[in-house]
Amino acid sequence: MTGNEIRRKFLDYFEKHNHQIVRSSSLVPSDDPTLLFVNAGMVQFKRAFLGEEKRGYVRATTSQKCVRAGGKHNDLENVGYTARHHTFFEMLGNFSFGDYFKEKAIDFGWDLLINGYRLPEDKLWVSIYLDDDEAHELWHTNIGVPENRILRFGEEDNFWAMGDTGPCGPCSEIHIDRGEEFGCGKPDCKVGCDCDRFLEIWNLVFMQFDRDVSGKLPPLPKPSIDTGLGLERLISLIQNVPTNYDIDLILPVMNKGEDLSEKLIGESWEADVAMKVIADHSRAAAFLIGDGILPSNEGRGYVLRRIMRRAIRYGRNIGLTRPFLHETARVVFDIMKPEYPDLLEASAFITNIIKNEEMRFSETLDHGLKILNDGLADLKAKGQTRVPGDLIFKLYDTFGFPVDIVQDVVRDEDLLLDMEGFDKSMEEQRERSKSIATFTTISDAYKNLSARGIMPEFVGYDKFSCESKVLVLVENGQETQEAAGGQAVEVVAEATPFYGEAGGQVGDTGKISGDDLDMEVSDTIKDPTGLIIHKGKIISGQIEKGETVTLTVDKSQRDATECNHTATHILHFALRSILGDHVKQAGSLVAPDRLRFDFTHFSQTDPETLDRIETLVNQKIRENISVRIIEMDAEEAFKTDATALFEEKYGDRVRIVSMNDFSKELCGGTHTDVTGNIGFFKITGELSVASGVRRIEALTGAAAVEYIQKDSKIIHDSARLLKESPEAVPGRIKKILSVQKSLEKEVEQLKARIAMRSADWAEEDIKSINDIKVLAKKVTVDKPAELRDMADRFKEKIKSGIVALGSSADSKALLIVVVTKDLTDRFHAGKIVKEVASVVGGSGGGRPDMAQAGGTKPENLDQALEKVYEVVGTIR
RNA sequence: GGGGAUGUAGCUCAGUUGGGAGAGCGCGGCGUUCGCAACGCCGAGGUCGAGGGUUCGAAUCCCUUCAUCUCCA
C-alpha cells in the first residue's frame, strides 16, 4: 500500500462511519494568536470542542498538515538524529463533537488497525490513565486485549488538556511492539521506553471534564473525542521499514539528496543525518511557503528561515555548496500532489523563494567567514589560542553566522572555543528579549453570546436597511442596559445590513435610529466568532437593550466600497494572467475611497507591465460583465477551482463570487452588480511590503478620475512654465539639469580664478622670522575648499616656510595655516592655527602640515593674521 | 515586541581623538600591438541613505527617520 493510499483508506473508513471528511486547515492557525503553527489535528476544531462554534456535523475526520518547530513543541534540533522526529508531518484523526464517546472511539480505532490495516493483533499494547477503569473494561472485555498488555500511566503520559483550564480528559494510547531487534536491549525496556521497539501509534483523547480555575473537574455535558495518529509512523509500520524516513512519501526526497551530493544513504552516519535533515526540511519549507509564509526575521517567517538554513548547513556537510534545496523541494510537490494539488500549482513560486533564500544565506556565510578570519588573524597575532565567546556570539547574533560553521573553521586551526562565554551572552540576550505579549481581549459580553450559539444575521447582501432588536450594548468594554446621547457605544443586533470588517473590506458606516434615538455608526467590525459589532456615537436620545431599532447603511459609501471590492477581484485575475500563476493574494484593503492589494511576487513590476495590468482591468470593466454570486457548502466549494485564501477562515457555507469564466473567488464581501459600475481603474503605486510580497495601490470611479485630472494639471502647468508641449517636458527638464550642472562647474572655476587674482604673489608680504619665511595674508574666498587650494599654491611658491591665509565669508572668519614638509618637525600648523583662531572668537585644528580654523568675529581677521608672525616668533 | 550591525563611485569596500572624500575592479580616451590578452598613462563618475542638532568646521559625535542584514521572544 502506498502512503497516499494509506491516508485515503483512513479518511474513507471514517467517512463510511458517518464522519465528514474535512480538508486540512492551513498551517497558520486562523484564530489562535498564541499558537505559531497548527501542530495537531484538533486545532481547527478548538472552538467546536469549547462549544463556541456550531458546525454542520458532529463527526469529522482529517489528515492535518502539522509543523512542530519553534514555540512549545519544538522538534527542530532533533530532526536528522532520530528515526521519527519531523518538523513537518501529517496527523490523521477522527473527532466527535458531543456525539459518540469512549466505546465507539476504541471500537473504531481497533477495527481500523486490525481489519483495515491488518496490523498484528498480538503485538498491540494499550495504555490508559491511572484510574480510568471504564477504558480498561472496554479494552479488556469488549475488545479482548489481555490484561498484561494494558498498562496504566499517570497524568504526564495519559491525561490530556487543552490549556490550564477548559476541556480535558484521560487518554488511551495504542502501541505496537516491533520486536527485540528494534529495542535498546535494556532489561527494563517496555512500553514508554525511548527506544524504537515500542511505538505509540494512536492517541485517543476522551474529553469529559471542564477544568475550572480552582482545578476542579466538573464533567462536560457532552463528552467529545479527539484522536491523533501520525501518518508517517503508520506508513512505516505498514510498509515495514525501519524508520519514518524510509517510507515512500519521504525516501524519494532523500534519493534526490543522494543524486545531488553523490553520496549514498548508509555510507556514513553524518551523511544519513544530513539527508534526513534535508528531506524533512524540504517538506516543511515547501508546505510552509505553500501556506503563504515567507522567510523573514520574525514570527513564523523566522522559523521557516531557520528550517531552510539548517537544511543548507547540513547540505554543506555532504558537499552541497550550491543551491540544492529548491531541487529536493520539487520532489515533495510530486509525491504530495494527489492530496495537495495546490502545492504543485504554486511550485514555481515556492522554488523561487527557496532558491532566493539559499543565495542570501550563502552571502551571509561569505560575509561571516571574512569577519571570522579577520578575528582569528587578530587572535594569532596576539598569540592566543582561545576564541572568545563574545566573538562567536557577535558573529551569530549580528551576522547570523552559525556556530557549527565556526567550529568547522576552527577545527583545522588548533584553536579552542569559549562556548561558556557564548552561552552566557546568549542567556543575556534572552533576558533582554523578554517582553509582555499583547493579546486583544474580547469583552465577556460577546463571549457569552457566541457560547450560547447566538449569531447575528447579516442581511446586507441585498438590503441596506432593516429593523431589529438590540442584543448587546457595550460601553467602555462593559456590558450595559442602556446608553444616552453623546456616548460612544458598541451595539450588536439580531440582524443587520451593516458589513463588519472582514476579508480586507472595511466595515460599513451609517445610522441606527429608533423612537427616541439617533446614532451614528462610524465603523462596523466582525470579531473572530462572527459577531457583527457596530461602533459609533449616540447623537441624541437613548438606546436600550432589547429595543427595536432601524439600522441603515450609508449607501453611497457602500456603493463605492463594492466597486473597489469587485475591482480587487479583477485586479487579482489580471495579475495572475500577466505575471503568472504564482501570484497569490497576501492581503488586501477595500475602502470606499481606495483599494490596496498585496500579492506574492518576487520582483518589482516595471511600469510597462503595470500599464498592461491596468489596461486589462479596464477592459473587463468596459465589458460590463455581471457579477454572479452563488452560495454553497464549503467542502463542495473546495472541490471546484475557486480561488480560496489560505489565511482566511471559511464557515460551512461559503459564497462564490464569479465573473464570466475568468474570475472565481470564495468571498464573503459585498460586490457591485456589473463591472461597468466601477467606471474606471487607475493604479497609483506599486511597492514592496515584505520580501516576496508586493503591493499595488489603486483608485476607481470618481476618485480615479480626480487623480488623473490632478496629474494632468501638473503636467500642463509644467509645460506652460517651460513654454513647451507636455510631451517635451521630460526632455526639456533633462536638458536644463545638465546645463545647470555645467554652469555650476564653470562658476566654480571662475570663482577660483578670481580668488587667485585677489591673492597675487606678493614678495613684500613675506616676513622672515628666525630665518623662516612666513606669509600671512587676507584673501577673498567663500568656501574653505578654495582657501585650501590657494594655500597650496602659495606653499608651492614659497618652497619652504609657513603660509597663513584668512578670509571672511557668511559673517564668519575662515583661517588656514600650512607648513611645508621640511618644517613640520618644528612647527605644527594645528597649534599655530589654534592660537590665532582665538582672536576671531573660534577654534581650530588639523594636521602638522595643514590646519583649518574658523571664528565668529571676522572683524578681527587682520589682528589674527598679524598674530601669526608673533606666534611663529615664539616657537624655537 | 526587544536587541545588534550596515548604508561612502556602476560593483566590492577603506576612511585611525571631528580638520583636504579614497583604493581595487569595472567604464571612457590615449599609448604599446597585425589583432587579442596583458601592461603603461590620462580621465569621467559622489546630495558620504534622508532629515534635524552640536561645532568655526561633520562621512566621522548626538537625536529622529528610512532601507537592508541578523539574533532573541
Side-chain angles (χ1 to χ4, degrees), chain A residues 33-34 36 70-72 74 295-303 305-306 309 356-357 359-368 370-371 374 390-403 422-423 425-439 604 687-691 737-738 740-742 744-745 782-793 795 805-819 828-858 860-861 864:
Chain A
T34 63
L36 212 50
K72 258 176 252 170
N74 189 355
S296 85
N297 309 337
E298 50 187 34
R300 302 184 174 106
Y302 178 53
V303 176
R305 169 164 284 168
R306 272 173 61 180
R309 294 194 166 187
N356 200 311
E357 182 64 23
M359 312 226 277
R360 273 170 178 234
F361 188 48
S362 81
E363 265 171 40
T364 50
L365 286 181
D366 290 345
H367 190 220
K370 209 170 139 192
I371 292 165
D374 284 354
D390 54 354
L391 174 68
I392 309 168
F393 183 73
K394 195 187 161 196
L395 274 164
Y396 176 67
D397 180 52
T398 305
F399 303 104
F401 195 75
V403 179
F422 175 83
D423 292 339
S425 299
M426 194 71 178
E427 201 40 54
E428 283 165 10
Q429 146 109 321
R430 286 214 176 90
E431 283 303 316
R432 253 201 316 275
S433 298
K434 274 183 188 161
S435 58
I436 316 129
T438 47
F439 293 111
Q604 196 175 3
L687 61 147
S688 153
V689 268
S691 79
L737 285 175
S738 87
Q740 192 195 339
K741 198 164 187 183
S742 66
E744 273 171 4
K745 225 168 208 174
D782 50 17
K783 272 193 202 153
E786 291 170 30
L787 198 61
R788 241 163 15 220
D789 288 342
M790 207 179 285
D792 278 345
R793 298 210 188 191
K795 193 171 85 173
L805 298 179
S807 176
S808 59
D810 276 345
S811 75
K812 275 177 186 167
L814 296 176
L815 282 168
I816 188 165
V817 173
V818 291
V819 175
H828 192 287
K831 285 177 185 158
I832 297 169
V833 87
K834 201 164 251 171
E835 279 195 51
V836 177
S838 62
V839 179
V840 287
S843 178
R847 307 189 310 249
D849 64 319
M850 196 287 295
Q852 288 166 276
T856 47
K857 298 176 197 157
N860 293 347
L861 199 57

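Only this structure's heavy atoms are used, side chains among them; waters, hydrogens and symmetry mates stay out. All chains are named by letter (A, B, ...) in the order of the sequence lines, taking the proteins before the strands, and each is independently numbered beginning at 1.
Of the candidates B:U70, B:G20, B:G3, B:G20 carries the atom nearest the A:D792 side chain, counting heavy atoms from C-beta on. Taking the side chain of A:T398 as heavy atoms from C-beta on, and the options B:C71, B:A5, B:G20, the nearest nucleotide is B:A5. The side chain of A:Q852 lies closest to B:G19 when the candidates are B:G19, B:G2, B:C56.
Among residue pairs with one or both ends in residues 833-853 of chain A, those qualifying as salt bridge (Lys or Arg N to Asp or Glu O under 4.0 Å) are A:K821-A:D849, A:R847-A:D849; sequence neighbours excluded.
Across all strands, A:G846 comes closer than 4.0 Å to base atoms (heavy-atom distances). A:G855 comes within contact range of the sugar-phosphate backbone alone, with a heavy-atom separation under 4.0 Å but no base atom that close. Across all strands, A:A851 comes closer than 4.0 Å to no nucleic acid atom at all (heavy-atom distances).
Contacts between residues 835-844 of chain A and RNA chain B, counted as heavy-atom distances below 4.0 Å, involve A:S843, A:G844.
The nearest pair of heavy atoms linking A:T856 to A:P858 is O-CD, 3.2 Å. Between A:V819 and A:K795, the closest heavy-atom pair is O-CD, 4.5 Å.
One P atom belongs to B:G51, the other to B:A58, and the distance between them is 14 Å to the nearest Å. The P atoms of B:C11 and B:G49 are separated by 14 Å, rounded to the nearest whole Å. Between the P atoms of B:G57 and B:G2, the separation comes to 36 Å (whole Å). Distance check on atom C1': B:G24 versus B:A9 gives 12 Å, rounded to whole Å. On the C1' atoms, B:A21 is 11 Å away from B:A14, given to the nearest whole Å. Taking atom P on both nucleotides, B:U8 is separated from B:G43 by 26 Å, rounded to a whole Å. Between B:U47 and B:C41, the distance separating the two P atoms is 29 Å to the nearest Å. When the P atom is compared between B:A50 and B:G7, the two are found 13 Å apart, to the nearest whole Å.
Atom CE of A:M426 sits about 12.5 Å away from atom CD1 of A:I392, to the nearest 0.5 Å. One distance of note links CG of A:L395 with CG of A:D390; it measures 10.5 Å at 0.5 Å rounding. The line from CD of A:E427 to CD of A:Q429 is 10.0 Å long, rounded to the nearest 0.5 Å. Rounded to the nearest 0.5 angstrom, A:F393 CZ and A:F401 CZ are separated by 15.5 Å.
Atom C1' of nucleotide B:A5 and atom CG of A:L391 are separated by 14 Å, given to the nearest angstrom. Going from atom NZ of A:K394 over to atom C1' of B:A5 covers 8 Å, rounded to whole Å. Note: CD (A:E431) to C1' (B:G2) measures 12 Å, nearest angstrom. A straight line from CG of A:D390 to P of B:A5 spans 14 Å, rounded to a whole angstrom. Distance, A:Q429 CD to B:G2 P: 14 Å, rounded to whole Å. Between the P atom of B:C69 and the CD1 atom of A:I371 lies a distance of 16 Å, rounded to the nearest Å. Taking atom NE2 on A:H367 and atom C1' on B:A5, their separation rounds to 9 Å, with Å as the unit. Atom-to-atom, CG of A:L815 to P of B:G57 comes out at 13 Å; the value is rounded to the nearest Å.
Applying the 4.0 Å criterion to OP1 and OP2 of B:U70, one finds that A:R306 has every side-chain N and O outside that range. Between A:R788 and B:G20 there is a side-chain polar atom (N or O) within less than 4.0 angstrom of OP1 or OP2. Contact annotation: A:R360 side-chain N/O to B:U68 OP1/OP2 distance is not under 4.0 Å. Contact annotation: A:K812 side-chain N/O to B:G57 OP1/OP2 distance is under 4.0 Å. Regarding contacts with the backbone of B:A73, a side-chain N or O of A:R430 is found under 4.0 angstrom from either OP1 or OP2.
Ion pairing of A:E357 with A:R360 is absent here, as no side-chain N (NZ or NE/NH1/NH2) approaches a carboxylate O to less than 4.0 Å.
Searching all strands for a Watson-Crick or G-U wobble partner of B:G7 with both distances below 3.5 Å returns B:C66. Shown here, B:A44 forms no base pair; nothing in the strands shown gives a Watson-Crick or G-U wobble contact with both key distances under 3.5 Å. Summarising the base pairing, B:A73 is matched to no nucleotide, lacking a Watson-Crick or G-U wobble pair whose two defining distances lie under 3.5 Å. B:U12 is paired with B:A23 under the Watson-Crick or G-U wobble criterion, all donor-acceptor distances under 3.5 Å. Checking B:U17 for Watson-Crick or G-U wobble geometry (two distances, each under 3.5 Å) identifies no partner in any strand. Of all nucleotides present, only B:C39 satisfies the Watson-Crick or G-U wobble test against B:G31, with each distance under 3.5 Å.
The side-chain heavy atoms of A:L365 and A:P402, taken from C-beta on, include a pair separated by under 4.5 Å. Between A:L805 and A:L814, every side-chain heavy-atom pair lies at or beyond the 4.5 Å cut-off.
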Item to check | Stepwise side-chain contact (heavy atoms from CB on, under 4.5 Å) check, A:L815 with A:V836 | outcome: CA-CA 9 Å; A:L815 282 168; A:V836 177; 4.0 Å; yes

Checklist entry - Step by step, would you call A:I816 with A:M850 a side-chain contact (heavy atoms from CB on, under 4.5 Å)? => result CA-CA 7 Å; A:I816 188 165; A:M850 196 287 295; 4.0 Å; yes

Next on the checklist: As a quick check of understanding, evaluate side-chain contact (heavy atoms from CB on, under 4.5 Å) for A:I371 and A:H367, giving each step before the final call.
Outcome noted: CA-CA 7 Å; A:I371 292 165; A:H367 190 220; 3.8 Å; yes

Can you tabulate the close N/O pairs, meaning under 3.5 Å, that link protein atoms to atoms of nucleotides 7-12 of chain B?
none

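Heavy-atom distances to RNA chain B give each of A:A853 and A:R847 a nearest nucleotide, and the one nearer the 5′ end belongs to A:R847. Of the residues near RNA chain B, A:K795 and A:T856, the one whose nearest nucleotide (by heavy atom distance) lies more toward the 5' end is A:K795.
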